[in-house]
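Read the structure below first, then the notes.
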Amino acid sequence: MYIKHGAQGFGAPSVYHAVIVIFLEFFAWGLLTAPTLVVLHETFPKHTFLMNGLIQGVKGLLSFLSAPLIGALSDVWGRKSFLLLTVFFTCAPIPLMKISPWWYFAVISVSGVFAVTFSVVFAYVADITQEHERSMAYGLVSATFAASLVTSPAIGAYLGRVYGDGLVVVLASAIAMLDICFILVAVPESLPEKMRPASWGAPISWEQADPFASLRKVGQDSTVLLICITVFLSYLPEAGQYSSFFLYLRQIMGFSPESVAAFIAVLGLLSIVAQTVVLSLLMRSIGNKNTILLGLGFQILQLAWYGFGSEPWMMWAAGALAAMSSITFPAISALVSRTAEPDQQGVGQGMVTGIRGLCNGLGPALYGFIFYIFHVELDAPPDGNGDTPYQYTCHHNLLNDPNHYSSIIPGPPFLFGACSVLLALLVALFIPEQPHLGLRPGSWKKHSSPHGHPHSLRLPGEAKEPLLQDSNV
């Protein structure tokens, strides 16, 4: 018997169902931006950055390993069940913030197994749109994601300052429950019943569920190898930056919770403009490859400024460059999509997505480790003049050692990231202007289930790049 999801929900499946699911989930997590930074420092007063990196790194690696399996299962059992599963487990840690911070961070790490809501949503959209409609549909989903993070951190910071963090946690938990109820009651199943098997015990394609399947195909073509190396070297520091930067602003640069929320809002708005208007203009005027090179150049400048910057205004200026650098990955995805053969799209996009999934696990852990080995810690108390911990540490180090690194390089991981992106830029120079991706599909299933359903959890080339990945929120 089929699972009769199609009979449930309000109306026919639509992009707007997916948009509401994404907005509510990330709005709930956005409310907790400021409280999470405080609880993280209070729970791990020593080695805060290292522990943050390990938590986010474990979550990212688990997401990388589980995403293909969840995709294969959703091809068999339908999208609605897995929307419910991913939203529930992704939001499960929220109420634990006030109950037990240790359990809160432990459950965050383990929840990476199901922290792939974005991927299931993209598969949901792919089920209900034609190929020529998907670019606009994915853009709408990504813009909604960014919009939720433009407003929610500021609201959470304000409510926390006026009423306390307890109210923020309760509100975030209520919104997460609203999202779960919306999926249960209002979201119809998008996967046609004829695409699903007659029982829940039907087999799935284990090749499709293998997270390393796409990575093993990287060396089959020199152009593919160049693109994947570029993605790895540029996205590794970006994944690490997303996991630690707001903590860095709050605890090291002395930003207030309101300032961090404002920074996220401005960065989100600028990134939306960059990924829509600016990206479109650049692709038409200077071409695909030059757009990638320009985006990498902005990323190098941004990371270097983060690394050497010691004043708040420098962070704001570098944030504008960060928004411009967000054009890189949509341009790379477009390059793969435009140049691959129609029957090889899944192979190309699968490799890019696989590399980025791996970076979501390695990047946060790497940044946390670099903060640790450079002794960038938060355990120094502020002095009587109201200096931030960072300022206190710098003053202390300068008195004892005028050549101490912290007076020259406040953010060592960001400088490492700039060097990594510089290597990516050098590699990208060798990508042909009009590459032809000579991939051999071989036994690759093109992300189809054994029942012939063509949609998977891979992000198509036309999709706009979200500001953050699921594993880094």
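We number each residue from 1, following the sequence as shown.
A donor-acceptor pair under 3.5 Å links the side-chain atoms of N288 to the main chain of A331, judged by distance alone. Listed for the K59 side chain is no donor-acceptor partner under 3.5 Å among the backbone atoms of V113. Checking side-chain atoms of H17 against main-chain N and O of S14 turns up a donor-acceptor pair under 3.5 Å. A side-chain donor-acceptor contact under 3.5 Å links S326 to the backbone of A323. At least one donor-acceptor pair under 3.5 Å links the side chain of T33 to the backbone N or O of G30. Side chain of Q299 to backbone of S234: a donor-acceptor contact under 3.5 angstrom is found. With S420 contributing its side chain and L233 its backbone, the two residues share a donor-acceptor pair below 3.5 Å. Side chain of E189 to backbone of K80: a donor-acceptor contact under 3.5 angstrom is found. A donor-acceptor pair under 3.5 Å links the side-chain atoms of S271 to the main chain of L267, judged by distance alone.
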List the steps and the verdict of side chain to side chain contact (heavy atoms under 4.5 Å, CB included) for W102 and V107. CA-CA 9 Å; W102 281 93; V107 175; over 6 Å; no
Side chain to side chain contact (heavy atoms under 4.5 Å, CB included), that's the test. Do L96 and F105 meet it? Break it down for me. CA-CA 9 Å; L96 295 175; F105 290 113; over 6 Å; no
Should W29 and T90 be marked as a side chain to side chain contact (heavy atoms under 4.5 Å, CB included) after you check the CA-CA gap, both sets of side-chain angles, and the distance that decides it? CA-CA 10 Å; W29 274 107; T90 302; 3.9 Å; yes
Take Y124 and V187 through the side chain to side chain contact (heavy atoms under 4.5 Å, CB included) test and state the conclusion after the steps. CA-CA 11 Å; Y124 187 97; V187 175; 3.6 Å; yes
Could you go through F88 and F114, starting from their C-alpha distance and side-chain angles, then the distance that decides it, and tell me whether this counts as ring pair (Phe, Tyr, Trp, His ring centres under 6.0 Å)? CA-CA 9 Å; F88 176 81; F114 298 100; 9.2 Å; no
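A distance of 12.5 Å separates CZ in F23 from CZ in F182, rounded to the nearest 0.5 Å. Rounding to the nearest 0.5 angstrom, the gap separating the CG atom in L249 from the CZ atom in F255 is 5.0 Å. Here the straight-line distance linking atom CG of L40 with atom CD1 of I55 works out to 6.0 Å at 0.5 Å rounding. From L62, atom CG reaches atom OG of S109 across 8.0 Å, with rounding to the nearest 0.5 Å. Separation of atoms CZ (F298) and OG (S325) is listed at 9.0 Å; rounding is to 0.5 Å. Separation of atoms CG (L296) and OG1 (T328) is listed at 4.5 Å; rounding is to 0.5 Å.
For the pair L366/F416, a side-chain contact is recorded, criterion being any heavy-atom separation below 4.5 Å from C-beta on. For the pair L303 and P237, the minimum side-chain heavy-atom distance is below 4.5 Å.
Under the side-chain contact (heavy atoms from CB on, under 4.5 Å) criterion, I175 pairs with L24, F27, A28, L31, L171, not counting sequence neighbours.
The heavy-atom pair separating I327 from G295 by the smallest distance is CG1-CA, 3.9 Å. Heavy atoms only, all atoms of each residue included: P93 and Y104 are closest at O-CD1, 2.9 Å. Nearest heavy-atom pair, D165 versus G160, reported as atom, atom and distance to 0.1 Å: OD1-CA, 3.6 Å. Residues Y367 and P413 come closest through the heavy atom pair OH-O, 3.4 Å. Minimum interatomic distance between Y306 and Q241 (heavy atoms only, all atoms of both residues): CE1-NE2, 3.8 Å. Of all heavy-atom pairs between F26 and S152, the closest is O-OG, 4.0 Å.
Within the 6.0 Å centre-distance limit, the rings of Y248 and F414 are counted as a close aromatic pair. Two rings, from F245 and F263, have their centers less than 6.0 Å apart.
Of the options I183, V121, V87, a side chain to side chain contact (heavy atoms under 4.5 Å, CB included) to E25 is made by V87 and by none of the others.
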